[in-house]
Amino acid sequence: MKITYYGHASLAIEVGGKNIIVDPFITGNPKASGIDINSLKADYILVTHAHGDHVLDVETIAKNTNAVIVSNAEIATYYGSKGFNSHPMNHGGSWKFDFGKVKYVNAIHSSSFPDGTYGGNPGGFVIEGEHKNIYIAGDTALTYDMKLIPLRTELDLVILPIGDNFTMDVEDAIIASDFVECDKILGYHFDTFGYIEINHEEAIRKFFDKGKDLMLLEIGESIEL
């Protein structure tokens with residue numbers, strides 16, 4: 001499994017011979033100006049919730065690639081009504097795709113499209129690949145529901161928001177990693193704008209002091225599991 005960071009909460013995942021894009025907000029992020037969305041490959045687009053900083057480039061990428069948009073029922077219906085391929089899910093449900101199993105799990109946040117359309121309840125994704133399992137938390141506060149995840153899935157990586165203000169902060173993310181029983185963390189949803197700027201060295205140290213590995217990737221940088 002290869003994971004590439006495109007800034008903010010945007011990711012590319014290569015697993016099982018398929019390409020997945022998560023929450024594409026690229027063209028609206030000056031820090032990601034080096035990423036050409038027209039060259040991105042996508043078989044699936046996973047959307048955690050409907051806010052503009054997570055869905056801005058969904059339609060362009062879907063038009064370019066004919067990708068299937070996977071999200072909650074309201075978001076999937078929104079895009080389906082526009083003629084896009086979509087797969088609806090809801091909390092607690094899972095589906096076996098051709099790249100692995102995906103479960104839609106709870107997140108504590110809000111969700112509405114930039115045009116005001118209701119975006120359903122926000123969520124995160126647990127992806128079980130052939131060899132590695134990851135949890136993408138989406139935009140969320142710390143929640144006890146995270147304790148449910150390791151009861152079903154042993155995680156190799158957890159992807160957590162750490163920017164504070166709109167989501168949990170570094171300290172809560174450390175607790176979240178305890179809840180999901182995973183000490184390998186990829187941080188995201190930070191530094192994009194003033195409200196969520198963080199001190200990188202301090203964040204890494206706080207995780208390290210708890211025996212955990214926090215990775216803060218540069219935009220365009222990848223890791224392999």
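Both backbone and side-chain heavy atoms feed into the values below; hydrogens, waters and symmetry mates do not.
There is no path of hydrophobic side-chain contacts, each under 4.5 Å, that joins Met89 to Leu148. Hydrophobic clustering keeps Leu56 apart from Ile26 (ILVMFWY residues linked when any side-chain heavy atoms are closer than 4.5 Å, directly or through intermediates).
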- prompt: Where do Asp156 and His131 land on the side-chain hydrogen bond (donor to acceptor under 3.5 Å, both in side chains) test, with the steps shown first?
  reply: CA-CA 9 Å; Asp156 297 286; His131 303 293; over 6 Å; no
- request: Before giving the answer on side-chain contact (heavy atoms from CB on, under 4.5 Å), spell out for Tyr135 and Val105 the whole-Å C-alpha distance, their side-chain angles and the decisive distance to 0.1 Å.
  value: CA-CA 9 Å; Tyr135 165 43; Val105 296; 3.7 Å; yes
message: Arg152 vs Glu128, test: side-chain contact (heavy atoms from CB on, under 4.5 Å). Steps then yes/no.
response: CA-CA 11 Å; Arg152 293 286 302 271; Glu128 297 182 2; 5.5 Å; no
field: Audit row: Leu40, Tyr6, side-chain contact (heavy atoms from CB on, under 4.5 Å) steps and yes/no
entry: CA-CA 11 Å; Leu40 298 183; Tyr6 288 148; 3.3 Å; yes
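Looking only at distances, a side-chain donor or acceptor of Tyr5 sits under 3.5 Å from a matching main-chain atom of His8.
Using a 4.5 Å heavy-atom threshold, the side chains of Asp53 and Thr192 count as separate. Under the 4.5 Å side-chain criterion, counting only non-hydrogen atoms from C-beta, Ile45 is in contact with Pro24. In this structure, Thr140 and Met146 have side chains that are in contact, with non-hydrogen atoms separated by less than 4.5 Å.
Contact between Ala50 and Ser111 at its shortest, heavy atoms only, is N-OG, 3.1 Å. For the residue pair His189 and Pro161, the shortest heavy atom distance occurs at CB-CB, 3.8 Å. Minimum interatomic distance between Gly52 and Pro114 (heavy atoms only, all atoms of both residues): CA-CG, 3.7 Å. Closest approach of Ile198 and Ala203 over heavy atoms only: CD1-CB, 4.3 Å. Heavy atoms only, all atoms of each residue included: Ala67 and Ala42 are closest at CB-O, 3.5 Å.
Rounding to the nearest 0.5 Å places CG of Asn29 at 10.0 Å from CD1 of Ile35. Remark: Asp191 CG to Lys31 NZ distance equals 6.0 Å, nearest 0.5 Å. Rounded to the nearest 0.5 angstrom, Phe190 CZ and Asn199 CG are separated by 11.5 Å. Taking CG of Leu160 as the start and OH of Tyr188 as the end, the distance is 8.0 Å to the nearest 0.5 Å.
For the side-chain contact (heavy atoms from CB on, under 4.5 Å) criterion with Ile127, the lone passing option out of Asn133, Leu157, Ile136 is Ile136.
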I'd like a table of donor-acceptor pairs (distance under 3.5 Å, sequence neighbours excluded) in which one partner is a side-chain atom from residues 10-20, with atom names and distances.
from: Ser10; atom 1: OG; to: Asp23; atom 2: O; distance (Å): 2.7
from: Ser10; atom 1: OG; to: Phe25; atom 2: N; distance (Å): 2.8
from: Ser10; atom 1: OG; to: Phe25; atom 2: O; distance (Å): 3.4

Side-chain donor-acceptor contacts of residues 170-181 below 3.5 Å, not counting sequence neighbours, with atom names and distances?
from: Glu171; atom 1: OE2; to: Lys206; atom 2: NZ; distance (Å): 2.3
from: Ser177; atom 1: OG; to: Ile174; atom 2: O; distance (Å): 2.6
from: Ser177; atom 1: OG; to: Lys212; atom 2: NZ; distance (Å): 3.1
from: Asp178; atom 1: OD1; to: Lys212; atom 2: NZ; distance (Å): 2.7

Considering only distance and modelled atom types, tabulate donor-acceptor pairs under 3.5 Å from the side chains of residues 215-225, sequence neighbours left out.
from: Glu221; atom 1: OE1; to: Glu218; atom 2: N; distance (Å): 2.8
from: Ser222; atom 1: OG; to: Thr4; atom 2: OG1; distance (Å): 2.6

Give every donor-acceptor pair under 3.5 Å between a side-chain atom in residues 68-78 and any protein atom, sequence neighbours left out.
from: Ser71; atom 1: OG; to: Val47; atom 2: O; distance (Å): 2.7
from: Asn72; atom 1: OD1; to: Glu74; atom 2: N; distance (Å): 3.2
from: Asn72; atom 1: OD1; to: Ile75; atom 2: N; distance (Å): 2.8
from: Asn72; atom 1: ND2; to: Gly119; atom 2: O; distance (Å): 3.0
from: Asn72; atom 1: ND2; to: Asn121; atom 2: O; distance (Å): 2.9
from: Thr77; atom 1: OG1; to: Ala73; atom 2: O; distance (Å): 2.7
from: Tyr78; atom 1: OH; to: Lys82; atom 2: NZ; distance (Å): 3.4
from: Tyr78; atom 1: OH; to: Asp115; atom 2: OD2; distance (Å): 3.0

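Checked by atom type, the side-chain pair Thr27/Asp57 shows a donor-acceptor distance below 3.5 Å. A donor-acceptor contact under 3.5 angstrom links the side chains of His51 and Ser110, judged on distance only.
Residues passing the salt bridge (Lys or Arg N to Asp or Glu O under 4.0 Å) test with Lys184 are Asp213, sequence neighbours excluded. Under the ring pair (Phe, Tyr, Trp, His ring centres under 6.0 Å) criterion, Phe125 pairs with Tyr104, sequence neighbours left out. Every residue two or more places apart in sequence or in another chain was checked for a ring pair (Phe, Tyr, Trp, His ring centres under 6.0 Å) with Phe207, and none qualifies. By the ring pair (Phe, Tyr, Trp, His ring centres under 6.0 Å) test, His87 is found to be paired with Trp95, Phe97, residues two or more places apart in sequence or in another chain being considered. In terms of the salt bridge (Lys or Arg N to Asp or Glu O under 4.0 Å) criterion, residue partners of Arg205 (sequence neighbours excluded) are, by chain and number, Asp209.
Each salt bridge (Lys or Arg N to Asp or Glu O under 4.0 Å) pair with one or both residues in residues 34-44, not counting sequence neighbours, would appear here, but there are none.
Ile108 shares a hydrophobic cluster with no other residue; no ILVMFWY side chain has heavy atoms under 4.5 Å from its own. Taking a 4.5 Å side-chain heavy-atom cut-off between Ile, Leu, Val, Met, Phe, Trp and Tyr, the cluster of Phe166 extends to Phe193, Tyr195, Ile196.
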